[in-house]
Undergrad: 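Okay, here's the structure, questions in a sec.
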2 protein chains.
Amino acid sequence: MVTTVVMTLKQISTRFSIAVHTLSLIAVSPANDCTGDYIAGSVNTNPVIIRRIIGMLKKAGLVDVRPGVGGASLLKRPEEITLLDVYRAVHAAEEKQLFRIHEDSNIDCPVGRNIEQSLQTELLAAQVAMEQRLAQTTLERLIQSFHDQ
Amino acid sequence: MVTTVVMTLKQISTRFSIAVHTLSLIAVSPANDCTGDYIAGSVNTNPVIIRRIIGMLKKAGLVDVRPGVGGASLLKRPEEITLLDVYRAVHAAEEKQLFRIHEDSNIDCPVGRNIEQSLQTELLAAQVAMEQRLAQTTLERLIQSFHDQ
DNA sequence: ACCGTTGTAACCATTCTAGTTCTAACCTAT
DNA sequence: ATAGGTTAGAACTAGAATGGTTACAACGGT
């Protein structure tokens with residue numbers, strides 16, 4: 001018997017990386033130049049994708065956009081914006097957790113009764129470890145790293 | 001204009017938490033009792049889901065299953081199995097990365113040309129931070145934590 | 001030979017992603 | 001005022017992954 005099933009890892013959406021790309025562009029461009037179409041050209045995607053992401057960044061208070069006239073600008077300095085801020089901004093669903101845990105375990109079973117709570121603790125700790133690492137990198141540092149390549 | 005779009009976070013599959021549940025059951029049950037149907041009863045899902053996951057755990061060298069006769073047993077001691085081992089086992093696609101990065105950025109743009117490499121470094125660091133935290137928890141410690149609740 | 005089990009193919013509904021088209025609203029310059 | 005470029009976002013699509021189901025073959029002890 002040979003298995004052919006390939007299961008792939010669920011990955012975090014490119015929304016996040018596109019959002020970082022977008023903010024980097026806004027940071028290094030003169031305000032009025034940085035239109036949705038211009039950003040879309042650099043990211044190489046459809047302008048609506050950029051507008052959707054900019055909408056999230058706006059809700060998170062990271063950018064200001066001028067309807068009509070065009071162009072976006074940062075509401076915080078690049079050294080005040082961390083990758084965690086961006087991560088949170090584009091995953092608008094605030095309190096959702098990275099790890100899903102199956103529900104409705106059988107409470108008549110000693111394992112089923114306890115597993116959810118125990119796992120919750122451990123997986124949350126892993127998520128926090130990741131987020132803390134994201135929080136260590138600012139937009140400014142990321143942009144500076146461009147020059148080192 | 002009012003936005004009604006709700007975007008949700010892409011989460012890591014419950015395969016992972018079900019796999020941990022499964023291994024915990026195998027660890028605390030007499031070998032022959034622990035059939036796929038029994039595990040499915042504790043997890044409260046379809047037995048095929050469990051068989052699929054056990055197949056992955058088998059490939060990862062974590063469990064041994066007896067076809068025909070039934071029942072599964074651990075191939076390592078619970079203190080030798082970490083959550084990271086399980087995480088890797090069920091996400092069979094080993095080297096895939098947690099974070100996706102958009103591709104095909106415009107190389108004529110100074111940001112587009114550099115963002116991928118710079119982000120890659122940072123996001124990988126965040127992923128490693130998470131995985132190291134998972135590696136700190138063994139199956140044994142998890143099972144022991146049941147009693148503390 | 002029977003029966004419960006494992007292994008797995010095949011299929012399905014649901015959800016999310018990333019992209020598209022289209023339209024309305026907005027602002028500035030002419 | 002109006003034309004042109006822009007933002008805002010609704011509505012739709014194709015594709016992929018998840019979690020579940022049914023069905024059936026292979027296995028092995030009784």
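The structure displayed is predicted, hence computed values, not measured ones. Chain letters run A, B, ... following the sequence lines, proteins first and then strands; every chain starts at 1. Values below: every heavy atom of this structure, side chains too, minus hydrogens, waters and symmetry copies.
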Undergrad: For the pair made of CD1 in I53(B) and C1' in dA17(D), what is the distance, rounded to whole Å?
TA: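 One finds 14 Å between C1' of dA17(D) and CD1 of I53(B), rounded.
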Undergrad: Expressed as a whole number of angstroms, how long is the span from D33(B):CG to dT6(C):P?
TA: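 Distance, rounded to whole Å: 12 Å.
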Undergrad: Tabulated below should be each protein N or O lying under 3.5 Å from an N or O of nucleotides 3-5 of chain C; please produce it.
TA:
{"residue": "dG4(C)", "atom": "N2", "partner": "G68(B)", "partner atom": "O", "Å": "2.9"}

Undergrad: Grab the CD1-C1' distance between I54(A) and dA8(D) for me, whole Å please.
TA: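 That distance rounds to 11 Å.
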Undergrad: Can you measure R52(A) atom CZ to dA8(D) atom P for me and round it to whole angstrom units?
TA: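 Rounded to whole Å, this separation is 14 Å.
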Undergrad: For dG7(C), does either OP1 or OP2 sit under 4.0 Å from a side-chain N or O belonging to K58(B)?
TA: yes
Undergrad: Please list all pairs meeting side-chain hydrogen bond (donor to acceptor under 3.5 Å, both in side chains) that have one or both residues in residues 21-30 of chain B, counting only residues at least two apart or in different chains.
TA: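 Applying side-chain hydrogen bond (donor to acceptor under 3.5 Å, both in side chains) to every pair that reaches into residues 21-30 of chain B, excluding sequence neighbours, yields H102(A)-H21(B), H21(B)-S42(B).
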Undergrad: Under a 3.5 Å threshold, yes or no: a donor from one side chain and an acceptor from the other, between T138(A) and T82(A)?
TA: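 The criterion, which ignores hydrogens and geometry beyond distance, is not satisfied for T82(A) and T138(A).
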Undergrad: How long is the line joining CE of M56(B) and P of dT6(C), in whole Å?
TA: 17 Å
Undergrad: Tell me, please, which residues at least two apart from T35(B) pass side chain to side chain donor-acceptor pair (under 3.5 Å).
TA: none
Undergrad: What is the distance from CG of D64(A) to P of dC27(C), rounded to the nearest Å?
TA: 12 Å
Undergrad: Can you run down the salt bridge (charged side-chain N to carboxylate O under 4.0 Å, His left out) pairs that involve residues 127-138 of chain A, sequence neighbours left out, and say none if there aren't any?
TA: R88(A)-E131(A), R133(A)-E122(B)
Undergrad: Taking only residues two or more places apart in sequence, or in another chain, which ones meet F99(B) in a ring-ring contact (aromatic ring centres under 6.0 Å, His included)?
TA: F16(A)
Undergrad: Can you tell me if the side-chain N/O atoms of T14(A) get under 4.0 Å from OP1 or OP2 in dT17(C)?
TA: no
Undergrad: How close or far is atom C1' of dG20(D) from atom CD1 of I39(B), stated in whole angstroms?
TA: 18 Å
Undergrad: Could you list by number each residue of residues 41-51 of chain A showing a heavy-atom separation from DNA chain C of less than 4.0 Å, or answer none if no residue does?
TA: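 Nucleic-acid contacts, sorted: T45(A), N46(A), V48(A), I49(A).
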Undergrad: Measure OH/Y38(A) against P/dT6(D) and give the value in whole Å, please.
TA: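 One finds 13 Å between P of dT6(D) and OH of Y38(A), rounded.
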Undergrad: With L124(A), which residues qualify under side-chain contact (heavy atoms from CB on, under 4.5 Å), at least two apart?
TA: Q97(A), Q127(A)
Undergrad: What pairs of residues pass the salt bridge (charged side-chain N to carboxylate O under 4.0 Å, His left out) test when at least one of them lies in residues 73-82 of chain B, not counting sequence neighbours?
TA: R77(B)-E79(B), R77(B)-E80(B)
Undergrad: Picking from dA18(C), dG7(C), dT18(D), which would you name as closest to the side chain of R15(B)?
TA: dT18(D)
Undergrad: Does L75(B) CG have over 12 foreign heavy atoms under 6.0 Å away?
TA: yes
Undergrad: Between the base of dG19(D) and the side chain of R100(A), is there a donor and acceptor pair under 3.5 angstrom?
TA: no
Undergrad: Sequence neighbours excluded, which residues qualify as side-chain contact (heavy atoms from CB on, under 4.5 Å) partners of V48(B)?
TA: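 V48(B): side-chain contact (heavy atoms from CB on, under 4.5 Å) contacts with N46(B), R51(B), R52(B).
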